[in-house]
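All remarks here apply to the structure that follows.
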Amino acid sequence: GDSVTQMEGPVTLSEEAFLTINCTYTATGYPSLFWYVQYPGEGLQLLLKATKADDKGSNKGFEATYRKETTSFHLEKGSVQVSDSAVYFCALASGGSYIPTFGRGTSLIVHP
Amino acid sequence: GAVVSQHPSRVICKSGTSVKIECRSLDFQATTMFWYRQFPKQSLMLMATSNEGSKATYEQGVEKDKFLINHASLTLSTLTVTSAHPEDSSFYICSARALSAGNNEQFFGPGTRLTVL
């Protein structure tokens with residue numbers, strides 16, 4: 001079945017550092033890929049998505065590129081801020097269901 | 001953006017009692033609502049999908065008689081954990097899919113932390 005593997009956290013960075021959170025997936029067919037973010041005390045929010053190979057999703061300075069050859073969708077940001085501290089979930093949805101299969105989440109802590 | 005609320009945010013109950021969790025879409029109508037369960041440091045696991053006015057569809061391994069789902073209106077779904085036991089302690093998250101055509105995005109609630117003593 002479909003599955004998502006993302007790096008374990010927490011990831012701890014200083015403000016303005018470069019961020020990478022790795023995500024790889026296993027799926028039949030050609031899934032859509034997502035990154036969700038959960039700020040403390042809030043629900044999950046869709047951060048960005050990509051629906052086909054080589055697509056790049058981007059939002060709020062975050063980017064991720066759909067790499068079919070490596071089945072990856074790594075999240076990157078060039079310069080993180082304290083306000084980016086949150087838990088980030090990689091997810092996929094296949095078969096047109098749009099019901100995501102989630103990874104375990106990676107906690108990001110950004111220090112001033 | 002669309003807002004989904006859950007109530008309560010935290011609940012502690014005694015073993016054997018039942019607990020009801022509400023999920024509301026505040027500024028949109030939801031044809032479909034989803035209930036997830038999340039264990040510490042693990043993925044969100046889909047428990048069930050509910051469509052307004054019809055019975056919920058449960059994922060394999062989820063006991064429908066233990067986790068009762070009611071989706072009585074386009075803005076409210078409830079999850080009742082019946083005869084709760086300590087192993088039911090978990091973080092329960094709902095999401096809602098908007099009624100508007102062409103938009104399959106789910107909007108998530110903030111979650112409910114259930115602790116069964």
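Here is how names work: the chains are called A, B, and so on, in the same order as the sequence lines, proteins then strands, and each is numbered from 1.
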Legend entry - Residue part contacting chain B, namely of A:Gln6, when any heavy atom lies under 4.5 Å: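 No part of it gets close to chain B.
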Legend entry - Atom group of A:Tyr36 that falls short of 4.5 Å from chain B, counting heavy atoms: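 Side chain only.
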Is [X] close to chain A through its backbone or its side chain, or both, or neither, when contacts mean heavy atoms under 4.5 Å?
X	value
B:Leu44	both
B:Tyr36	side chain
B:Gln6	neither
B:Ser95	neither

For [X], does the [atom1] atom have more than 12 heavy-atom neighbours from other residues, nucleotides or ligands under 6.0 Å away?
X	atom1	answer
A:His111	NE2	yes
B:Lys66	NZ	yes
A:Lys77	NZ	yes

With the 4.5 Å side-chain cut-off for hydrophobic clustering, are [X] and [Y] part of the same group?
X	Y	value
A:Leu47	A:Phe73	yes
B:Val11	B:Ile93	no
B:Val62	B:Tyr92	yes

Inset, instruction - Could you tell me whether the side chain of A:Phe34 reaches within less than 4.5 Å of the side chain of B:Gln106, counting heavy atoms only? - result: no
Inset, instruction - Rounded to the nearest 0.5 Å, what's the gap from CD1 on A:Ile99 to OG1 on B:Thr49? Could you check? - result: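 One finds 4.0 Å between CD1 of A:Ile99 and OG1 of B:Thr49.
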